[in-house]
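A quick write-up on the structure given underneath.
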Amino acid sequence: MNLELTLSSLVLKAVNELYGITAEPNQVQIQKTKKEFAGDLTIVVFPFVKAARLSPEHTGQQLGEYLQKNNVLITDFNVIKGFLNVTINKSYWITILQQIHTNTTFGIIEAEKNAPLMMVEYSSPNTNKPLHLGHIRNNLLGHSIAEIQKANGWKVVKTNIVNDRGIHICKSMLAWKLFGNGETPETSGMKGDHLVGKYYVTFDQKYKAQVNDLIKKGISEEDAKKSASLMVQAQQMLLAWEQGDNEVRQLWETMNSWVYSGFDQTYRQMGVSFDKIYYESQTYLEGKHEVERGLNLGIFYSREDGSVWANLTSDGLDEKLLLRADGTSVYMTQDIGTAKLRYNDYPINKMVYVVGNEQNYHFQVLANLLDKLGFEWGKSLVHFSYGMVELPEGKMKSREGTVVDADDLMQEMIETARETSQELGKLDECTASEINQISSMVGMGALKYFILKVDPRKNMTFNPKESIDFNGNTGPFIQYTHARIKSVLRKANDQHIDFSTLNINVEISEKEGYLIQLLTEFPAVIRQAGEEFSPALIANYIYDLVKEYNQFYHDFSILKEENQDVRQFRLVLSDSIASVIKTGMNLLGIEVPERM
RNA sequence: GGUCCCGUAGCUCAGCUGGAUAGAGCAACGCCCUUCUAAGGCGUGGGUCAUGGGUUCGAAUCCCGUCGGGAUCACCA
């Protein structure tokens with residue numbers, strides 16, 4: 001039984017015996033004692049002062065005396081205003097540390113055989129352009145959430161829905177066909193996804209020129225956009241694609257294969273992966289079937305032009321298009337199909353979509369439509385809605401060329417890490433491949449931590465002109481602390497110091513006791529991060545821990561400590577902290593080096 | 001216009017299921033390497049928690065209004 005629960009029930013007993021009231025467990029508020037006061041845990045006494053008919057100070061005093069008398073772990077207490085601060089026996093903390101140190105999966109709950117299954121969809125790229133900073137946030141969140149849920153005992157299937165078809169794909173295909181002169185990744189030396197992206201931009205430029213010409217000829221902007229020949233051709237291409245036209249399909253497969261090899265490279269660098277990938281081209285027909293079924297059931301209706309709609313106004317939503325007049329499908333259509341196929345493929349208990357908050361409405365509608373179509377899990381889907389990454393001047397706009405490319409950014413981070421190591425002379429004794437490995441870890445660590453430490457629900461700002469920091473509240477700071485601990489442990493090992501056992505009665509400082517207390521919070525942090533879908537909670541926790549540890553490291557010596565028991569204790573403490581750093585950072589998808 | 005989200009130090013962010021004097025990092029300034037990795041530690045300055053009300057013993061946190069910013073309501077995805 002953990003300390004807080006023990007204390008909590010003891011407080012309930014105390015108020016019952018002292019004041020004759022039966023308090024609810026949630027009235028007992030126990031929190032960590034603020035640093036400026038003596039004590040480990042604080043009980044808020046305000047909820048009981050009425051029943052006690054005493055001043056808050058008096059009530060606190062009485063409760064404190066009762067607690068100390070009835071719990072051997074409490075060695076001392078003090079009351080400030082209405083706050084009762086209790087001090088816990090140091091040997092208790094040492095016992096706890098011993099347990100943590102010997103527990104190789106501290107904080108982690110491994111999935112049991114019959115554990116529930118969570119499917120996490122993330123990434124979901126379009127195959128018409130390379131990944132950018134927005135995708136990075138999505139991928140890092142998706143990967144981290146999957147890891148966190150695994151650590152909370154779920155079975156997790158990571159999935160990706162690739163938007164490999166649709167009008168936008170046809171645009172880059174058409175532009176390549178018209179203006180590409182047969183260019184390939186090989187002939188151009190470009191990464192496949194970047195090459196295809198180039199033609200998507202080409203389409204946009206040429207199309208805009210056509211529209212402007214038409215407007216100059218006196219055609220309205222609206223009509224010009226519809227009748228520009230590039231748009232008409234793209235729509236014809238989409239239709240040809242849906243009808244299985246050989247030539248179009250071949251071009252499509254070729255260009256998509258270029259994109260996939262580019263994406264693979266990006267995903268590898270990012271350190272993310274998937275257990276099962278769905279392709280829109282393989283799910284949209286299922287979606288169409290479902291829409292037609294809904295139409296037959298009278299859930300949906302068709303308009304005169306043949307388009308199919310859902311009327312959701314009675315649910316507070318709008319009317320939603322599900323099939324265009326020409327019979328081609330839209331985003332929503334395929335999402336319905338994909339959902340159905342997934343539930344056929346896996347015994348899903350919880351479906352999580354990691355998708356930006358700009359699509360909040362889309363998922364409201366999706367849940368509603370699935371529900372209407374009779375899927376009982378429709379309403380229970382989770383849209384893990386995260387905020388946008390913005391530049392100081394606002395949203396990234398591909399048309400204005402302000403998009404931060406994922407590959408470029410990752411490369412820059414790794415280069416910066418390499419240069420920094422070199423300037424500081426940190427890796428002078430390492431081989432070239434070690435230097436590569438560590439630079440990659442540190443550069444990616446800086447990027448990942450920068451993104452994951454902020455509350456996922458909130459929009460965040462990224463300033464490309466100021467490179468991501470390596471000092472302070474950053475990934476490298478945490479990695480560095482880990483490396484320093486590992487260095488000490490290596491030296492202990494060289495000196496054949498065995499620290500497998502602890503003397504429970506060793507004298508420890510406040511700081512050391514506090515570090516153990518922090519360690520004990522780790523499992524609860526993982527639980528909460530899972531419940532709230534927030535990697536940021538883990539990031540912030542690890543930062544607090546590391547900051548405290550660095551103060552300890554500065555103020556106390558470990559290997560030079562003469563008292564053997566104390567030295568053992570500090571080694572065990574450091575080792576345990578290194579483990580928690582590593583586990584926590586791994587939950588964020590960040591690796592930690594042995595040296596840096 | 002309807003719906004939803006956000007506003008905390010110069011900048012980037014914590015804190016938000018109500019609790020003590022609102023915390024970090026960056027930036028600025030000043031200290032600390034003959035001592036286990038200075039990517040570190042210590043210190044100084046910096047706040048009307050957008051704003052006005054309300055609930056409460058107690059509000060950055062909960063409720064209502066106002067102002068400011070954003071998202072969305074597409075035969076885009």
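As the structure is a prediction and not an experimental result, all values here were calculated from the model. So that the names make sense, note that chain A is the first sequence line, chain B the second, and so on, each numbered from 1.
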Touch class at under 4.0 angstrom, heavy-atom based, for A:Arg457 against every strand present: nothing
Donor-acceptor contact below 3.5 Å, side chain A:Asn540 vs main chain A:Ala536: yes
Salt-bridge criterion met for A:Lys208 and A:Asp204 (N-O under 4.0 Å): yes
Value in whole Å for how far the C1' atom of B:A77 lies from OH of A:Tyr284: 16 Å
N or O in side chain of A:Arg570 less than 4.0 angstrom from B:C36 OP1/OP2: no
d(CG, A:Asp335; P, B:C76) in whole Å: 16 Å
Candidates B:G41, B:C76, B:C36 - which lies nearest the side chain of A:Ile167: B:C76
Glycosidic class, syn or anti, of B:C33 using a 90° window around 0: syn
A:Cys430 side, atom SG; A:Arg595 side, atom CZ - distance, nearest 0.5 Å: 6.0 Å
Minimum-distance nucleotide (side-chain atoms of A:Pro476 versus B:A39, B:U37, B:A20): B:A39
No-H, no-angle donor-acceptor pair, A:Ser124 side chain to B:A77 base, under 3.5 Å: no
Same-atom distance (C1') from B:U44 to B:A27, integer angstrom: 14 Å
Atom pair distance, as rounded to whole Å: NZ in A:Lys453 and P in B:C13: 9 Å
Aromatic A:Tyr386 / basic A:Arg457 pairing, under 6.0 angstrom, 45° off normal: no
Basic-acidic side-chain contact under 4.0 Å: A:Glu221, A:Lys225: yes
Sugar-phosphate only, base, or nothing, as touched by A:Phe477 at under 4.0 Å among non-hydrogen atoms: sugar-phosphate
Closest nucleotide among B:C26, B:A77, B:A38 to the A:Asn126 side chain: B:A77
Short side-chain N/O contact to B:A38 OP1/OP2 from A:Lys426, under 4.0 Å: no
Interatomic distance, A:Gln528 CD vs B:A14 P [rounded to whole Å]: 14 Å
Polar pair under 3.5 Å, donor/acceptor by atom type, side chain A:Thr481, base B:A39: no
Sugar-phosphate, base or nothing in reach of A:Met460, heavy atoms under 4.0 Å: sugar-phosphate
Sugar-phosphate only, base, or nothing, as touched by A:Asn360 at under 4.0 Å among non-hydrogen atoms: nothing
Minimum heavy-atom distance between A:Asn78 and A:Ala38, given as atom pair plus value: ND2-O, 3.1 Å
Base paired to B:G58 (Watson-Crick or G-U; both N/O distances under 3.5 angstrom): none
cation_pi(A:Arg570, A:Phe556) dist<6.0 Å, angle<=45: no
For B:G68, the Watson-Crick or wobble counterpart (both distances under 3.5 Å): B:C6
Heavy-atom donor-acceptor pair, A:Lys560 side-chain to B:U35 base, under 3.5 Å: no
A:Phe46 over B:G58, stacked by centroid distance under 5.5 Å, angle under 30°: no
Candidates B:G70, B:A39, B:G40 - which lies nearest the side chain of A:Leu424: B:A39
NZ or CZ of A:Arg303 within 45° of A:Trp309 ring axis and under 6.0 Å: yes
Touch class at under 4.0 angstrom, heavy-atom based, for A:Lys395 against every strand present: sugar-phosphate
Sugar-phosphate only, base, or nothing, as touched by A:Thr42 at under 4.0 Å among non-hydrogen atoms: base
Side chain of A:Leu537 - closest among B:A39, B:G15, B:C26: B:G15
A:Phe37 aromatic ring stacked with six-membered ring of B:A20, 5.5 Å and 30°: yes
OP1 or OP2 of B:C36 under 4.0 Å from side-chain N/O of A:Ser557: no
Sugar-phosphate only, base, or nothing, as touched by A:Phe450 at under 4.0 Å among non-hydrogen atoms: nothing
Rounded distance (Å) that lies between atom P of B:A24 and atom CG of A:Leu545: 16 Å
Rounded distance (Å) that lies between atom P of B:C76 and atom CZ of A:Phe203: 12 Å
Touch class at under 4.0 angstrom, heavy-atom based, for A:Phe462 against every strand present: nothing
Watson-Crick/G-U partner (both atom distances under 3.5 Å) of B:U44: B:A28
Counter-base of B:U37, judged by Watson-Crick or G-U geometry with both distances under 3.5 Å: none
Interatomic distance at C1', B:A59 relative to B:A20, whole Å: 14 Å
Contact under 4.0 Å: A:Lys491 side-chain N or O vs B:U37 OP1/OP2: yes
Gap between atoms CD and P, on A:Gln31 and B:U61 respectively (whole Å): 18 Å
Polar pair under 3.5 Å, donor/acceptor by atom type, side chain A:Asn85, base B:A20: yes
Sugar-phosphate, base or nothing in reach of A:Gln479, heavy atoms under 4.0 Å: nothing
Pairwise C1' distance, B:G54 and B:G70 [rounded to whole Å]: 28 Å
A:Phe470 side chain, from C-beta outward: closest of B:A39, B:G40, B:A14: B:A39
Side chain of A:Thr420 (C-beta onward), nearest among B:A39, B:C26, B:A77: B:A39
Given B:U72, B:A38, B:G19, the nucleotide with the shortest approach to the side chain of A:Val44: B:G19
Residue matched to B:G23 through Watson-Crick or wobble contacts both under 3.5 angstrom: B:C13
Phosphate contact (B:C57 OP1 or OP2) by A:Lys81 side-chain N/O below 4.0 Å: no
A:Tyr480 side chain near B:A39 phosphate (N/O to OP1/OP2, under 4.0 Å): yes
Plane angle bin for A:Phe83 and A:Phe46 - parallel if under 30°, tilted between 30 and 60°, otherwise perpendicular: perpendicular
Touch class at under 4.0 angstrom, heavy-atom based, for A:Thr461 against every strand present: sugar-phosphate
Sugar-phosphate only, base, or nothing, as touched by A:Asn463 at under 4.0 Å among non-hydrogen atoms: nothing
Touch class at under 4.0 angstrom, heavy-atom based, for A:Phe83 against every strand present: base
Side-chain N or O of A:Gln359 closer than 4.0 Å to phosphate OP1/OP2 of B:U72: no
Distance, P atom - from B:G23 to B:C42, rounded to whole angstrom: 16 Å
Distance below 4.0 Å between A:Arg324 side-chain N/O and B:C76 OP1 or OP2: yes
side-chain contact (heavy atoms from CB on, under 4.5 Å) between A:Tyr331 and A:Asp335, intermediate numbers included: CA-CA 6 Å; A:Tyr331 184 42; A:Asp335 252 357; 4.0 Å; yes
Residue-phosphate contact under 4.0 Å: A:Lys547 side-chain N/O, B:G25 OP1/OP2: yes
Between B:C6 (P) and A:Asn459 (CG): distance, integer Å: 10 Å
